[in-house]
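Report on one structure; see the data block that follows.
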2 protein chains.
Amino acid sequence: MKKTSLNDIAQQLGVSKTLVSFVLNGKGKEFRISDDICKKVIDLAKELNYQPNRIAQGLRTGKTNTIGLIIADIANQFFGKLGREIEQEAARHGYRVIFCSSDENPEKSKQQIAMLQQSQVDGFIISPPMNSEEQIRSLSKSNIPYVLIDRYFPEIESNYIVIDNFDAAYRATSHLLKLGRKRIANLTVNLDLVIMKERTEGYKQALRDAGVEIDENLVKVLPFTHDNKDIDRTIKDLVGKRNNKKADAILFSTSKLGIMGIECISALGLKIPEDLAIVSFDDPDAYRICVSPVTVINQPLKEIGKMAVQVLLNKIKHPIAKNQTITLKTDFIIRKSCGS
Amino acid sequence: MKKTSLNDIAQQLGVSKTLVSFVLNGKGKEFRISDDICKKVIDLAKELNYQPNRIAQGLRTGKTNTIGLIIADIANQFFGKLGREIEQEAARHGYRVIFCSSDENPEKSKQQIAMLQQSQVDGFIISPPMNSEEQIRSLSKSNIPYVLIDRYFPEIESNYIVIDNFDAAYRATSHLLKLGRKRIANLTVNLDLVIMKERTEGYKQALRDAGVEIDENLVKVLPFTHDNKDIDRTIKDLVGKRNNKKADAILFSTSKLGIMGIECISALGLKIPEDLAIVSFDDPDAYRICVSPVTVINQPLKEIGKMAVQVLLNKIKHPIAKNQTITLKTDFIIRKSCGS
DNA sequence: AAAAATGACTAAACCGATTTAGCTAAAATA
DNA sequence: TATTTTAGCTAAATCGGTTTAGTCATTTTT
């Protein structure tokens, strides 16, 4: 049973497919098609369960109503939630989204961009891995609408939606300081991204402003392919028995780090918050039910997703629109992991 | 700067686009195009950075190399991980995937199926919500390749990949019994799906086989739009102070329930596993770092995703292929939530 | 020497929509 | 009455590929 096409309807009614197209696109009035014929077309379309072929449409119009989304990993709850918001907002505007996980691998994201371009997506929403500046720049050059999320490249003029990472880390660190913690560590990831630097900068500035000396030994940069062993070693290093300058708190720059970190901390038999206070970026489910529910910096994912889609669609509609750079504030959610 | 098309290449070289198409599809030899011309075409294509328009290709060939994926919610880690595997396996075969979250809403999934059909996806991978039999059956009727995952409808002849839910629940319950628990509750969800019934059946059979009387008061079916309050009430009901027939263990049928349940249990000041032993389906991050790491029934997500794609692609290639129904075994991962 | 095969290529149809330009008859205006 | 408008419609081009059915020399076979 072949699908019904415009032509099928046209032939069965003995009219041109032009007419059918007009009618089904609601342009009957505009093109002065008689009410009588309009009705017939609409009725037959319904009867034959006509579904427009969006591919054909796309070829002709150059618009596919499809967005390409490139994130690090959809299985990571941060991106899962973000993806969900994007999908939802896109759907609200009649757009579909093709999901791609880049695994922080610029080679992969390059391929994915190429693939999505071939698929004629109308635009991109990208959380760019490090070292992917070239690809992003080439998107700009090709005049393809895109929006960066979560990360951005200061040297590239583009749309982006990010959070105020400096401020978030600053507040989190200040919170720890206020509670009397002095030896606050920062566990971060060796993704060479501005946002990660900003997080560490916010942390350092809070220490400075509180007159606490910055100890570079407390800033730990882990490979982003975090291995349990790396984290384990690092945690032991920070709070090990033989360490007479133990850390008394940790600020995790990502939830992936945090989750693995907490696993190690528990395995070491350390108590949160007694032995170690904890704050982390992002708010996965895990943080609400763990030993000591984690105080977090929660990103406004709904807002980020919504904005990303809106900015993108705006750029698609108005290609000459000025780039929008949006920085959102975070929520600080206090739970039990820092004591009180 | 317009994109390069086949025609552009053809014109610049003064050959037909037929020839260019042949060459770029690696059919130069087959169609006896001279090596000389082949080389010229390939070189120019590279120079102009030719990217085939998959939309045009799709229109002509009727194949878009795109899969439509419908799951309940990509922000749910179970589906996130599953989606990830599907994306990966699809990519390995040159397929893209459009993600749709149905929120367990059959109306929504119906719309999404229609939308994806219009987009001419080559096939579907669907985790069907309850009451969506009609839509699934209509896919069958239209001869559109599809594979169900996680859930299935026994009365519909289709491809599906599921786990042995009965066996999984049976083993989990037996484990609890072996550890001396007698008042084992089952918290499940009012999704009218066979798999949920199978889970509860496995649970009941294990009790029967152990000679433990089944107490229907211990089987709690919660609305799938789980509200914290519902769960809270239910947990209190099961282990409340005034209850002289308290539950001493809970088998959670989904991780979403489990996560919320553990939150409530902790809030009530109950100790896991001392006061209450816990086993749950699925293995989100949360379960590894919570108060007492949770013993779980882990689904082989990698396998499910891989199989789903392979079965689907097979069906796409061989539309007359017989339906495949695959039931996978689960892993039982023992942690601390049941005591020892 | 005629017929068949081979080598190297092309014209044109086709997929299913959108869109531009234009046609005809009837009605309105000059 | 001649001209313009309007109403109601259609033919054909177009998007960018794929694919079928050739064409025309040249070479090989009979």
Side-chain angles (χ1 to χ4, degrees), chain A residues 2-42 44-45 48-66 94 115 117-122, chain B residues 1-42 44-45 48-66 115 117-122:
Chain A
K2 235 200 74 215
K3 287 178 199 160
T4 332
S5 74
L6 269 195
N7 234 325
D8 298 336
I9 299 181
Q11 284 184 6
Q12 286 194 41
L13 290 179
V15 298
S16 71
K17 59 177 178 178
T18 307
L19 184 150
V20 179
S21 170
F22 286 156
V23 173
L24 295 181
N25 285 311
K27 299 185 181 162
K29 280 277 162 297
E30 185 182 338
F31 287 92
R32 314 180 276 221
I33 312 299
S34 66
D35 291 355
D36 181 39
I37 296 268
C38 272
K39 191 173 172 329
K40 275 187 190 158
V41 168
I42 291 169
L44 186 57
L48 299 179
N49 186 29
Y50 169 71
Q51 307 268 106
N53 182 326
R54 304 277 176 213
I55 288 292
Q57 230 171 228
L59 178 58
R60 175 63 231 239
T61 63
K63 290 262 155 271
T64 54
N65 280 261
T66 304
M115 179 273 274
Q117 270 193 70
Q118 296 180 358
S119 300
Q120 314 296 119
V121 297
D122 295 336
Chain B
M1 198 171 40
K2 235 199 71 215
K3 287 177 199 162
T4 335
S5 74
L6 267 196
N7 235 327
D8 297 336
I9 298 181
Q11 283 183 5
Q12 285 194 40
L13 291 178
V15 298
S16 71
K17 61 177 177 176
T18 308
L19 184 150
V20 178
S21 170
F22 285 157
V23 172
L24 295 181
N25 284 313
K27 297 186 182 162
K29 279 276 163 299
E30 185 183 337
F31 286 92
R32 314 180 276 221
I33 312 299
S34 64
D35 292 355
D36 182 37
I37 297 269
C38 272
K39 193 173 170 329
K40 275 187 191 158
V41 168
I42 292 169
L44 187 57
L48 299 179
N49 186 30
Y50 170 71
Q51 308 268 104
N53 182 327
R54 304 279 175 211
I55 287 293
Q57 232 170 227
L59 178 58
R60 174 64 229 234
T61 62
K63 291 262 153 272
T64 54
N65 280 259
T66 304
M115 179 273 275
Q117 270 192 70
Q118 297 180 358
S119 300
Q120 314 296 119
V121 296
D122 295 335

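Every chain is numbered from 1, with letters handed out A, B, ... down the list of sequences.
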For A:Lys3 and C:dC15, give me the distance from atom NZ to atom P, rounded to whole Å.
14 Å
Contact nearer the 5' end of DNA chain C, comparing B:Leu19 with B:Leu59:
B:Leu19
Categorize B:Gly28 for me: base, sugar-phosphate, or nothing, with a 4.0 angstrom heavy-atom threshold over every strand shown.
nothing
Identify whether the distance between the nearest side-chain nitrogen and carboxylate oxygen of B:Asp8 and B:Lys17 falls below 4.0 Å.
no
Excluding sequence neighbours, so at least two apart, what forms side chain to side chain donor-acceptor pair (under 3.5 Å) with B:Ser21?
B:Asn25
Take atom NZ in B:Lys39; do more than 12 heavy atoms of anything else shown fall under 6.0 Å from it?
no
Touch class at under 4.0 angstrom, heavy-atom based, for B:Thr18 against every strand present:
base
Apply the side chain to side chain contact (heavy atoms under 4.5 Å, CB included) test between B:Leu6 and each candidate in B:Leu24, B:Thr18, B:Leu19; give the one that qualifies.
B:Leu24
Using a heavy-atom cut-off of 4.0 Å to chain B, what are the terminal contacting nucleotides of DNA chain D, in 5' to 3' order?
D:dG16 to D:dT20
Whole-Å distance separating the CG atom of B:Asp36 from the C1' atom of C:dA8
12 Å
Starting at atom CZ of A:Arg54, determine the distance to atom C1' of C:dG16, rounded to an integer number of angstrom.
13 Å
From NZ (A:Lys40) to CD (A:Gln12), nearest 0.5 Å:
13.0 Å
Across the strands shown, which category fits A:Lys27 at heavy-atom distances under 4.0 angstrom: base, sugar-phosphate, nothing?
sugar-phosphate
For A:Ile9 and C:dA17, give me the distance from atom CD1 to atom C1', rounded to whole Å.
12 Å
Atom CG of A:Leu24 and atom P of C:dA17 are separated, to the nearest Å, by 9 Å
Output yes when a side-chain donor or acceptor of B:Ser119 lies under 3.5 Å from a complementary backbone atom of B:Val121, and no otherwise.
no
Assuming nearest nucleotide by heavy-atom distance, tell me which of A:Arg32 and A:Ser5 is located more 5' along DNA chain C.
A:Ser5
Would you kindly compare B:Ser21 and A:Lys17 by the position of their nearest DNA chain D nucleotide and give the one closer to the 5′ end?
A:Lys17
Rounded to whole Å, please give me the gap between NZ in A:Lys2 and P in C:dC14.
12 Å
Between atom CZ of B:Arg54 and atom OG1 of B:Thr66, what is the distance when rounded to the nearest 0.5 Å?
10.0 Å
OP1 or OP2 of C:dT18 under 4.0 Å from side-chain N/O of A:Arg60:
no
Look at all strands and tell whether B:Ser34 reaches a base, only sugar-phosphate, or nothing, counting heavy atoms closer than 4.0 Å.
sugar-phosphate
Which part of the nucleic acid does B:Ile37 contact within heavy-atom distance under 4.0 Å: base, sugar-phosphate only, or nothing?
sugar-phosphate
